[in-house]
> 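Here it is: the structure, laid out below.
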Amino acid sequence: MQNEDWSGTLFTQSPPGLGNQFDDDPLLGSWLKRSLPATLNAELHSELRELGALAGGELYRLQQADLAHEPVLTQWDAWGRRIDAVTVSPLWQRAERLAAQHGLVATGYDAALGRHARIAQFVKVYLFHPSSDVYTCPLAMTDGAARCLLEAGDQALIERAVPHLTSRDPATFWTSGQWMTETTGGSDVGRSETRAVPDGEGGWRLYGRKWFTSAVTSQMALTLARPEGNPPGGKGLAMFYLEIRDAEGQLNGIRVDRLKDKLGTRKVPTAELLLDGTRAWLVGPPLNGTRSIEPMLGVTRMWNSVCATAFMRRGLALARSYAKERKAFGQPLEQLPLHADTLAGLEAETWGAFLMTFLLVELNGRMEQGELDSEQRALLRLLTPLTKLITGKQAVGVVTEVIESFGGAGYVEDTGLPQLLRDTHVLPIWEGTTNVLALDALLRSDLPAGLAALMARASSCLRSVSEPRMVAATQQALGALERAALVLESGQEPEVLQAGARRLAMTLARALQLTLLCEHAQWMIDHGGDRRGYAAAMRFARQPVDLMTEVDPEADRLLLG
Ligand SMILES: Cc1cc2nc3c(=O)[nH]c(=O)nc-3n(C[C@H](O)[C@H](O)[C@H](O)COP(=O)(O)OP(=O)(O)OC[C@H]3O[C@@H](n4cnc5c(N)ncnc54)[C@H](O)[C@@H]3O)c2cc1C
């Protein structure tokens, strides 16, 4: 019997497509116009369009064509020599060159850009990240390492490493690792077991095991270890600089035991390392290494927030494209009121995340130029953990809904959508989990100053808003902030404060996002009459902002047995 060929008559769904990711982003365009001098905005324009085209075109196609490629660890060569060589995907190799050429780290250190250097840098990162298969992970640590070394002020190490870390030439560009997490804990690094022993020549030798070391293909790393004789806990740790291979390409007393088999970020070679006499140099004092490495965390948390927002934007770009093409019940999905309402809710979350994230970016740029007063510095310290924690959670929520917006196709591997979901899930975990950051934000001694500065920033939004419904929405947000401040000032028992910290921190963050949305929406109306920002602000105001509830640690204990 002859098989009939049905293929010409069966329905075929056209896939979602991406346009130029810069041109297609009204929020990004309007925010840049509002935040940068016109000349700088014009100067950046062609490079941002180029990156937008790459991200929505060539890189995206490469990413989809290479979904299966993962890093490979080869521990032995053919003749029995231990080599621990790691190869990465073609997209990662391309991404490394592009990152250097476009100055994805270097732009942040471009003195000519002054207070706008971080904005120029992170707009590029925002466009690049979703098509890079998380190559932004080593870039974030590279940026953090450069900042750490500059702040520690060791001239020899600065001269040795910073020109590489901030190079725009792929031939001389280095990336850096950040090796903190051990089997004893990533949140509580004070329990780290790695020992540091003086080598008698002015350097140190490190002995221990680093349990999560992403991007093991870097040229250097900053790490924590305990100089012999130091006390236990975080105070007894010190920060060290090391280079991963020597001039002959041999590993520096490092064994790559295994690459992690992870839920997501599978293109990122995250390794378990054994340090066995690794040559290293002390950076900063021989104590309080957790304090020395803080600038790294400030920078990587900012990267995390930008990448979270960028993943939300990518998910929505795909979902909105699909909603134009895919039909159900006789109409494109975008015409179905409930589907449109679902996507609009996600769009509002993305706008809120973007505005808070780029406020953080802007403040960091000004801080590095020494332009912040003490109130603004306190705001920046509070904003860093708040932005990282809320955007990580928003990204997971938004991308989860994006998957559902594709129906069954969202669950199928070769659409690339499951990879997007899995990669997004790392954002609330690394660089500090949601709970750890909530406590970091709310238990710090300068919280009152940070809170006052946050209230002042939110109140300034009220002064710039005139549209009546946005005045009401801004007042709604200020009300939530005042309730949160009252809780924090009420002298709660530490146990109660800790148990409620996540909801409190999220309330602060969401309330700030709502005020920033109203402020930007008013600007968009006043500068050309675009009402999309207004729609985003109104929609966000209808989603939960004040998340605080009664806290009962006793009941929690009862429930958990
Ligand atoms: C893909 C990936 C790559 C990574 N790459 C690196 C890297 O390059 N370098 C590096 O140093 N690390 C890296 N990490 C490790 C990461 O930073 C840690 O996993 C993270 O900090 C959490 O630490 P932990 O895994 O030890 O969890 P734990 O610290 O054991 O935390 C477990 C749970 O307890 C909660 N918790 C902890 N303390 C408290 C508290 N006081 N109150 C309430 N809840 C609390 C946490 O929120 C979490 O839910 C990576 C992780 C992943 C997943």
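None of these values were measured; they are calculated from a predicted model. Note that these values count all heavy atoms, side chains included, but never hydrogens, waters or copies made by symmetry. We count ligands from 1, going down the list as the structure has it; atoms in each ligand are counted the same way.
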> Kindly indicate whether atom 3 (C) of ligand 1 is approached by any protein heavy atom to under 4.0 angstrom.
yes
> If we set the cut-off at 4.0 Å for heavy atoms, which region of L439 has an atom near ligand 1: side chain, backbone, both, or neither?
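Just the side chain.
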> Please check if a non-hydrogen protein atom sits closer than 4.0 Å to atom 30 (O) of ligand 1.
no
> Tell me if the CD atom of E554 is crowded by more than 12 foreign heavy atoms within 6.0 Å.
no
> For Q419 and E413, indicate whether the former's side chain and the latter's backbone hold a donor-acceptor pair under 3.5 Å.
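Between the backbone of E413 and the side chain of Q419 there is no qualifying donor-acceptor contact (under 3.5 Å).
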> Please list the nearest protein heavy atom to atom 21 (O) of ligand 1 with its residue and the distance rounded to 0.1 Å.
G186 C, 3.8 Å
> Answer yes or no for G185: is there a heavy-atom contact with ligand 1 below 4.0 Å?
yes
> Under 3.5 Å, is there a donor on one side chain and an acceptor on the other for T270 and K262?
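Indeed, the side chains of T270 and K262 share at least one donor-acceptor pair under 3.5 Å.
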> Any sub-3.5 Å donor-acceptor pair from K235's side-chain atoms to L287's backbone N or O?
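No, K235 side chain to L287 backbone: no donor-acceptor pair under 3.5 Å.
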> Judged by atom type as modelled, is there a donor-acceptor pair below 3.5 Å linking the side chain of R422 to the main-chain atoms of L263?
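Flag set: sc R422 to bb L263 pair under 3.5 Å.
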> Are there protein heavy-atom neighbours of atom 25 (O) of ligand 1 below 4.0 Å?
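Not a single protein heavy atom is under 4.0 Å away.
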> Can any side-chain N or O of R191 pair as donor or acceptor with the backbone N or O of G233 at less than 3.5 Å?
no
> Does the protein place a non-hydrogen atom closer than 4.0 angstrom to atom 6 (C) of ligand 1?
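It does; a protein heavy atom is within 4.0 Å.
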> Considering all protein heavy atoms, does one lie under 4.0 Å from atom 33 (C) of ligand 1?
no
> Which residue owns the protein heavy atom closest to atom 28 (P) of ligand 1, what's the atom, and how far is it?
S187 OG, 3.6 Å
> So which heavy atom in the protein is nearest atom 14 (N) of ligand 1, and how far is it from that ligand atom?
F212 CB, 3.3 Å
> Looking only at non-hydrogen atoms, which of L443, L263, N435 approaches atom 45 (C) of ligand 1 most closely?
N435
> Given R266, Q178, M296, E182, which has its nearest heavy atom closest to atom 9 (N) of ligand 1?
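When every heavy atom of R266, Q178, M296, E182 is considered, Q178 comes closest to atom 9 (N) of ligand 1.
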> Just let me know how T265 lines up against ligand 1, side chain, backbone, both or neither, with a heavy-atom cut-off below 4.0 Å.
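The side chain, only.
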